[in-house]
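Proteins get letters first, then strands, A, B, ... in listed order; numbering begins at 1 in each.
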Protein chains: 2
Amino acid sequence: MQISDLSEATGVPVPTVKYYLRERLLHPGVTVSRTRARYDASHVERLTLVRALTEVGGLSLAAARRVLAAIEEPDLSPVDVMAVAQRSLPGVAGARPAAGTSTTTGAYAGRDHEAGHDLAPPCDAPGAPDSRSRRFVAGRGWQVHPGDPVLDELDAAWEACDRAGLGLDEERMTRYADAVEQIGRTDVESVPQTSPQAAVRHVVLGTVLVDPVLAALRRLAQQHVAVSSSASARSGMLAP
Amino acid sequence: MQISDLSEATGVPVPTVKYYLRERLLHPGVTVSRTRARYDASHVERLTLVRALTEVGGLSLAAARRVLAAIEEPDLSPVDVMAVAQRSLPGVAGARPAAGTSTTTGAYAGRDHEAGHDLAPPCDAPGAPDSRSRRFVAGRGWQVHPGDPVLDELDAAWEACDRAGLGLDEERMTRYADAVEQIGRTDVESVPQTSPQAAVRHVVLGTVLVDPVLAALRRLAQQHVAVSSSASARSGMLAP
DNA sequence: TGACATTGGAGAGTATCACTATCCAATATT
DNA sequence: AATATTGGATAGTGATACTCTCCAATGTCA
């Protein structure tokens, strides 16, 4: 299989494949002569994964490279790999990529942590020991690492909802958390027990790739609920 | 309140505020002299919203502009605004706008600025009349518009999970959908009944800003579930 | 054998995005 | 009067993700 076949098999243009090779997002093929290299199924798989991560998961190429490196590193313990992967993943809002189904050309950078100005500066001590999110998860009995950056992201996202006047109070958060706990249970149950590597791969990719599935489901569920409730309430909400 | 106060109140640098004014992401202040314009609380609010949309929601400035235009357009019926907003929203992955309306980049003022809203979308191509996602939602009895692009995004995201070998089968999807339906119910219940405009604003912003909250909750829930289940199963999963 | 296409490798070029920087003359402030 | 700030404008920056062009070596087919 040469580069043109690889390109055709994945739908990725040849120059882009070359670019990915240059950028080490794709491992080199076996050089068979000075102008020929052979690629195989592993390249198809990797290329597909890169595109899934960037187009569906919304990762930047840099973030995708880190994720791939993390799940393919054989010398780390699962705990280490998870730590690396967690750090490799962009923030929860980091997704932002191509939309369309046909013109899928979007791309964008995951927003890692830029040192940009914060919004309204509500106290931001490095390593806030306590915060609304921390209290919330503690109140539910969730056992999470208090230093986990996801908690800070949750704080920021929650704050943003407040400032937008969305009325996201504790009660609503509790209802969300109940539902999300089900999702988390399903997530964890679906992790393969075959090997630590397989488990890590599954969790990391599941984090990135299933989020869009859930987001889409949410929009559809909103539509369904709105339509079925407006059947009795006669309001024109949510017709696309 | 002048531009420096606005900047200080929001944490957005003055040159960036100027940029947003140029790009009509922020409505101009009241010109009080040739070198002075007055801004008020509405500017603070708008600026905060723009930053929330871009930093938390992960939208591009172009997408944020469309969203803001949609929720602030007073001449459209709620149904129209919802339709516009749905199309303005990026894909489920927090997608960037693919193409089509991005001709706005000019540093040359006014060229297309006065042309106002790009609120006239071309009709959707029919696309796939049937797909796994369509069958899935139909099978659950969800009433959604069959031409909704979110269905295509769900197809793409689901496909990507398959190709990554995540084993996202119908059963798991059903479990996700059950949980997400709860979320959708909570979403719809929280929509204010005061005015159609307020409702539209709430739904649109809720779609963009609550997704990150849910994504963060999901990661925390995974952690919690993994930790509490590994308490008995002694596997080293998910320790950050 | 020869015409023609493809390949790997490399570098340069392009488009978009989201800012920054610099300049100006007209005002405010002190 | 001295200094600072403002609105308005143009131009420049850095990051990202490609895309293009070139090359000689090498395949492939007639």
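An OP1 or OP2 oxygen of D/dA17 is reached within less than 4.0 angstrom by no side-chain nitrogen or oxygen of A/Y20. OP1 and OP2 of C/dC17 both lie 4.0 Å or more from every side-chain N or O belonging to B/Y19.
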| field | Protein proximity profile, nucleotides 5-15 of chain C - base contact B, sugar-phosphate-only contact S, no contact -, cut-off 4.0 Å on heavy atoms | value | -BBBB-BB---
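Separating the CZ atom of A/R24 from the P atom of D/dC18 is a distance of 19 Å, rounded to the nearest angstrom. For the pair B/H43 NE2 and D/dG7 C1', the computed distance is 14 Å after rounding to whole Å. Rounded to an integer number of Å, the gap from B/L61 CG to C/dT20 P is 11 Å. Across the protein-nucleic acid pair, A/E55 atom CD and D/dT16 atom P stand 18 Å apart, rounded to whole Å. D/dG7 atom P lies 17 Å from atom CD of B/E23, rounded to whole Å.
The closest side-chain heavy-atom distance from A/V12 to A/L6 is not below 4.5 Å. Within the 4.5 Å cutoff, the side chain of B/L26 has no heavy atoms near those of the B/V50 side chain. Between A/R201 and A/L68 the shortest side-chain heavy-atom distance does not fall below 4.5 Å. Side-chain atoms of A/V204 and A/V67, non-hydrogen and from C-beta on, do get closer than 4.5 Å to each other.
Between the B/R38 side chain and the B/V32 main chain, no donor and acceptor come within less than 3.5 Å of each other.
B/R46 meets the side-chain hydrogen bond (donor to acceptor under 3.5 Å, both in side chains) test with B/E72; sequence neighbours excluded.
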